[in-house]
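One structure is given here, and the rest of the page talks about it.
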Amino acid sequence: MTNKPLWWKLTSCTCLMPVALSTSVAFAQGGAAAQDQAGGDGGEIIVTATRQEVTLSKVPLSVAAFNQETLDRQGSRSVDDIARLTPGVTFSRGDARNSGAANISIRGISSTAGSATTGIYIDDTPIQTRSLGYGSFSSFPAVFDLDRVEILRGPQGTLFGAGSEGGTVRFLTPQPDLDDFKIYGRAELATTKSGAPSYEIGAAASAPLVPGKLAARVSAYYRRDGGYIDRVDYRTGDVLDKNSNSQGTVVFQGAIAWQATEQLKITPSVFFQRVNNDDGNAYWENLSDRSDNDYRNGNALANTNHDRFILPALKLDWEGDKVALISNTSYFSRDQSSVSDYSSFEASIWAGNPFFPPEMAAASTFTNTQRNFTQEVRLQSADPDSRLTWVVGGFYSHNRQEAIQYVEDTYLPTLIQQNIGISFEQFFGQPLVDGRYTSVMDKAVTIEKQLAAFGQVDFAVTPKLKLTVGLRYAKAKLDASASFVGPVIGPPVNDQGGQKEKPLTPKFGLSYQASEDTLVYANAAKGYRIGGYNFAVGLPCGVSSTGTPVPGTELGALGLTNRPAFFDSDSVWSYEAGAKSKFLNRKLSVEASAFWIDWKNIQQTVALNGCGFNFTDNLGSATSKGFDVQFQLAATDNLTIGGSVGYTKAKFNDTVLAGPSATRNLVTEGDLIDLHPWQVYLNAQYRFDLMGQQAYIRGDYQYLSALKGETVNLNPLNGTADLTIPAQQEVNNLSLRAGLSFDGFDLSVFANNVTNGSATLARSHDPGTTLFFRRVTQRPRTLGVTATFRY
C-alpha cells in the first residue's frame, strides 16, 4: 500500500471526505459539541499558517487555532490542555524522574531520538531542541497573554523547515496597539482533591504612547500548580515532603511598536519564562492507593527541574502597494537544570534490588543549554485580490546546544562489596571520580548551522481553482563533540564528528472554492529533520573509545558489533485531502481532512543492554493514516454545541534487525506506534440572562481511546519488549464551568476531572527488576474560581 502512486493516495483521501462530512453532521444533529475555533463572539480567527493573513475557513490546510478568548473559555493553562483538545496531537510529559520533560507529536510522527519531529515556534522563532545526552527536552510557553495558538497538522517543510516534519505548533503573542488602550487580566484559585491549592495572577496592558506612532505592551504572570503526590520514606511511610510535585511558573513579556514611516513598523520584543518543578509526577504503585487519591513516591531525593529562557526579537514590517518585506531577528537563550533520583536505578543495576539501603542517595544532575540565533527575511505579495500570491524568503540559524551530566553515588562501593563480594576498584578497575561520581558527561556539544531559501506560489487558475507550489532548499551542518569519564565508562572517551546535508522539501497543493462557504483541497508535502552524530560509548558496552569493536564482545544482547558513527536525516511524504464548509445558513461549520503519511529512514534509539548507553540509527519505515473532523453548531441564539473527532493509525512497515548476529528484532513489521488511535472532544455552552447580566454554563469532555495491538514494546519478537509496560490506555476527562459576564469582567467557577479519573498516562520500572513500578496519572478532581477582565 505504501508504494501506491501519488494520484492513488490523493484519490483515496478524497474518497473519505464525504464520509467524514456526513459523520460530522450526524454528531451535530445528535447534540455533540464543537471545538471552539471562532473568535470571541463567533467571528472567525485570522491565522498566518501560510505566512499570509487568512481566515481559518479559507486556509487549505488542516489547522487548529485557538485565540485568547477561546483558551479562556476552555480553561486551557498549558500546552498539555491544548493538545488534549486537538485531534491528531499526542502529548506526554514526565519520564518518571523529570516532570518537566515533554514530547509532542502530530499524526503519529513521534520520536525521542535525534532532532525534534514537531516545530515549536514563539512568533517566528523556532525553539525546539534535539535529543542530546539523557535529559534534554523542548520547552513550551505558558498559556497567558497569547494572541492565539496555531497547530498545523502535517509536514511544514517549505515555510517552516527542519523540525516541522510532523507539523508545527505556533504560539503567537499580541502586538502593541497603536491606537487603543487595552487591558487583560486573569486570576484563579483552585484546590485539588487530596492535594495542595493552585493559584495564578496575571495582567497585560497595551497603550499608545504617541497615538498612531508609538505603542507598548507589557504583561506579567505567575502560576502555582499545587502538588498531590507525597514523597515518603518507603520503609516507614513517614512523609518527607507533602504534596511534593508542585510547579511554579513566571512569565514576563514586553514589546514596543514604532511606526517609523507610513510603510515601516519596527517592533522589538522580549519573552521571559521560568518554570520550577519541585518534584516529578510519578508515584510508586506499591506505596499508593489510587482509589483513595493517596499518591506517594519513595524516592530518596526530590526530582527537581528548573527551566528558564529569554527570547529577545526584533521584527521589521515594511508594506508597499503590492509587496511586503518582513524581517525577524531573534536570540533564544535557555538554561535548564534538573536532579533525577537514581537511588533505586543504581541499586537495581548493581544489586538487583531497587529498594536501596538506608541513607543511600544517588543523584543524577543534568544541565542543558540552548543558544540559538535566528534570522529570517520574507518578501511576499501584499495584494490578496491578485491571481498570483507568493512568498520568498531566506533563513539562517546558528544553534548551540550543550548537555552535562554528573551521576553521583558514594554508596556504590558498599553495594558492590555486599552483593558481588569484591571491592569497587576490583570490579571497575578504577575508583569513583573525585570520590563521588560513577560517570560524568562533561560535556556534549552540538553546533547546528542552517542556511535555507524557500518560496511558495499560489496561482488562481480560475476564480475558484487555485494551484500551490512550494520549495525549500537548505544547507545544514552539524558539529558534535563529547567527553565521558568515570568507572562505568571505562577509559575516558573523547569523541567528535559532524554531518552535512542539503535537503529539498517541496509542496504541491490544489484547492477549489466551490462556493463562499465551501473549500475543498488536496496537498502533497515533504518534511524532514536533520541527522546527527553518535558519540563513542564506553568500554563496558563492548567498544573501544574510538568506537571499534572489542574482540569477543558485542553491543548488548541485540547482537550489535559496533555503533554507527553517523545517522542521516529521515523524511516524510504526506498526502492530505480536506474540506471546510458551512451549512444551515452558516449555523453549522465543518472542517474535515484525511491523510496518508509515508515515513522513511526513521531515526530510532537503540538501547545497549547492560551498559546504560544508547545510540541513534536510521532503521525502517512507517505509515501513518487517518482523519480528523471538527465542527461547530449554533443550535439556538444561546446554545452552541459541536466537537472534534480524530483517528490515527501508525505502524512500522519493516522488520529491522539490530545487528548481523541479532536473535531478536529491533522492530517487527506491523508493530504499532504508541498513541491514542481515537481522540474525541465534545463541548457545549449555553448562555442566558441572570439578574440583567449574561450568564453561561459550559461542559468540555475529552476521550482518548486505548491502543489495541502490539507496539514495539509489547511484541515478544523484539529485543526491547517489556510486557509489563502497557500501550496507551483509555483516558476520560470531563470539565464543567459556570460563569457571569458583565462590564468586561468574567467570573466563573469550574470543576476539572469531575469524575476524578485516574487513568494511566505512563508506567515504568527500573532495569533488571519488576519489584515495583512507577506510574503517572491524571491530576485528581480540581475545583476552583476564575476571574478575567478585558478592556
Worked check of salt bridge (Lys or Arg N to Asp or Glu O under 4.0 Å) between E376 and R51: CA-CA 12 Å; E376 183 178 82; R51 301 293 197 180; 3.4 Å; yes
What do the steps show when you test K507 against Q456 for side chain to side chain contact (heavy atoms under 4.5 Å, CB included), and what is the final call? CA-CA 8 Å; K507 175 184 177 178; Q456 182 167 303; 3.9 Å; yes
Go through the steps for R529 and T117 under the test side chain to side chain contact (heavy atoms under 4.5 Å, CB included), then give the verdict. CA-CA 7 Å; R529 56 175 171 155; T117 59; 3.7 Å; yes
The test is side chain to side chain contact (heavy atoms under 4.5 Å, CB included); show your working for V645 and W678 and say whether it passes. CA-CA 7 Å; V645 178; W678 288 96; 3.8 Å; yes
Apply the test salt bridge (Lys or Arg N to Asp or Glu O under 4.0 Å) to residues R130 and E448: give CA-CA distance (whole Å), side-chain angles for both, the deciding distance (0.1 Å), then the verdict. CA-CA 10 Å; R130 71 165 41 240; E448 187 175 331; 3.4 Å; yes
Checking S589 against Q632 for the side chain to side chain contact (heavy atoms under 4.5 Å, CB included) test, could you report, in this order, the C-alpha distance in whole Å, the side-chain angles of both residues, the deciding distance, and whether it holds? CA-CA 5 Å; S589 62; Q632 185 171 9; 3.7 Å; yes
Please walk me through it: do D307 and R334 pass salt bridge (Lys or Arg N to Asp or Glu O under 4.0 Å)? CA-CA 7 Å; D307 195 352; R334 179 188 178 206; 2.9 Å; yes
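In this structure, the side chains of Q702 and N732 stay at 4.5 Å or more apart for every pair of heavy atoms. Within the 4.5 Å cutoff, side-chain heavy atoms of K502 are placed close to those of Y473. T668 is not listed as a side-chain neighbour of F652, based on a closest heavy-atom distance of 4.5 Å or more. Two residues are said to be in side-chain contact when any heavy atoms from C-beta on lie closer than 4.5 Å; S621 and N601 fail this criterion. Counting heavy atoms from C-beta outward, T648 and F595 have side chains that approach closer than 4.5 Å. Residues T55 and I45 have side chains not in contact (no heavy-atom distance under 4.5 Å, counting atoms from C-beta outward). V149 places none of its side-chain heavy atoms less than 4.5 Å from the side chain of L172. P716 has its side chain within reach of E710: a pair of non-hydrogen atoms, C-beta onward, lies under 4.5 Å apart.
Classification of the F140-F91 ring pair by plane angle, with boundaries at 30° and 60°, yields perpendicular. The aromatic rings of W573 and F508 sit parallel, their planes meeting at an angle under 30°, below the 60° perpendicular limit.
Although no hydrogens or angles enter the test, the distance criterion places no donor-acceptor pair under 3.5 Å between the side chain of N753 and the main chain of N733. Within the 3.5 Å criterion, the main-chain N or O of Y533 finds no donor-acceptor partner in the side chain of Q499. No donor-acceptor pair closer than 3.5 Å links the side chain of Q370 to the backbone N or O of N368. Put simply, the side chain of N713 gets close to the backbone of D722: a donor and an acceptor are under 3.5 Å apart. With hydrogens and angles disregarded, a donor-acceptor distance shorter than 3.5 Å links the side chain of N67 to the backbone of T70. Side-chain atoms of S138 do not come within 3.5 Å of backbone N or O of Q128 as any donor-acceptor pair. In terms of modelled atom types and a separation under 3.5 Å, the side chain of E501 and the main chain of G531 share a donor-acceptor contact. Of the possible donor and acceptor atoms, none in the side chain of S571 sits under 3.5 Å from a partner among the backbone N and O of G527. Side chain of T48 to main chain of V54: no donor-acceptor pair is present (N/O by atom type, distance under 3.5 Å, no hydrogens or angles). In this structure a side-chain-to-backbone donor-acceptor pair under 3.5 Å is present from T655 to E669.
No side-chain N or O of Q604 forms a donor-acceptor pair with one of T616 less than 3.5 Å apart. Side chain to side chain, D628 and S593 meet the donor-acceptor criterion of an N or O pair below 3.5 Å. Using modelled atom types, one finds a donor on one side chain and an acceptor on the other under 3.5 Å when comparing T760 with R775. A side-chain donor-acceptor contact under 3.5 Å links Y681 and D700. A donor atom on one side chain and an acceptor atom on the other are found under 3.5 Å apart for N752 and S735. Using modelled atom types, one finds no donor on one side chain facing an acceptor on the other under 3.5 Å when comparing D674 with T711.
Atoms OG and CD1, on S139 and I122 in that order, are 7.5 Å from each other to the nearest 0.5 Å. Atoms OH and NZ, on Y521 and K466 in that order, are 14.5 Å from each other to the nearest 0.5 Å. Considering CZ of F137 and OG of S92, their distance stands at 12.0 Å, rounded to 0.5 Å. How far OG of S624 is from CH2 of W599: 9.0 Å, rounded to the nearest 0.5 Å. Of the inter-residue distances, the one linking T118 atom OG1 with R107 atom CZ reads 12.0 Å to the nearest 0.5 angstrom. Expressed to the nearest 0.5 Å, how far CH2 of W596 lies from NZ of K625 amounts to 4.5 Å.
Comment: R763 engages E285 in a salt bridge, judged by a side-chain N to carboxylate O separation of less than 4.0 angstrom. The residues D123 and R170 are annotated as not salt-bridged, no charged nitrogen and carboxylate oxygen being separated by less than 4.0 angstrom. Ion pair E165/K526 not flagged as a salt bridge, since none of the NZ, NE, NH1 or NH2 atoms sits closer than 4.0 Å to an Asp/Glu carboxylate oxygen. Taking a cutoff of 4.0 Å between a charged side-chain nitrogen and a carboxylate oxygen, K651 and D671 do not qualify as a salt bridge.
Minimum heavy-atom separation, N372 to P126: ND2-O, 4.5 Å. Here the closest heavy-atom approach between residue L85 and residue S76 is recorded as CD1-OG, 3.9 Å. Across all their heavy atoms, L519 and S511 have their closest contact at CD1-CB, 4.0 Å.
Remark: R472 is positioned above the aromatic ring of F395, its terminal NZ or CZ atom under 6.0 angstrom from the ring centre and at most 45 degrees off the axis.
The aromatic ring centroids of F160 and Y121 lie less than 6.0 Å from each other. Ring pair F332/F309: centre-to-centre distance below 6.0 Å.
More than 12 heavy atoms of other residues, nucleotides or ligands lie within 6.0 Å of NZ in K58, so this atom counts as buried by the packing criterion.
Between K580 and the choices V520, L61, V59, the side chain to side chain contact (heavy atoms under 4.5 Å, CB included) rule is met once, by V59. With R84 as the fixed residue, the side chain to side chain donor-acceptor pair (under 3.5 Å) test singles out one of D81, D80, T86: D81. Among V275, N305, N281, the one residue that satisfies the side chain to side chain contact (heavy atoms under 4.5 Å, CB included) test with Q247 is V275.
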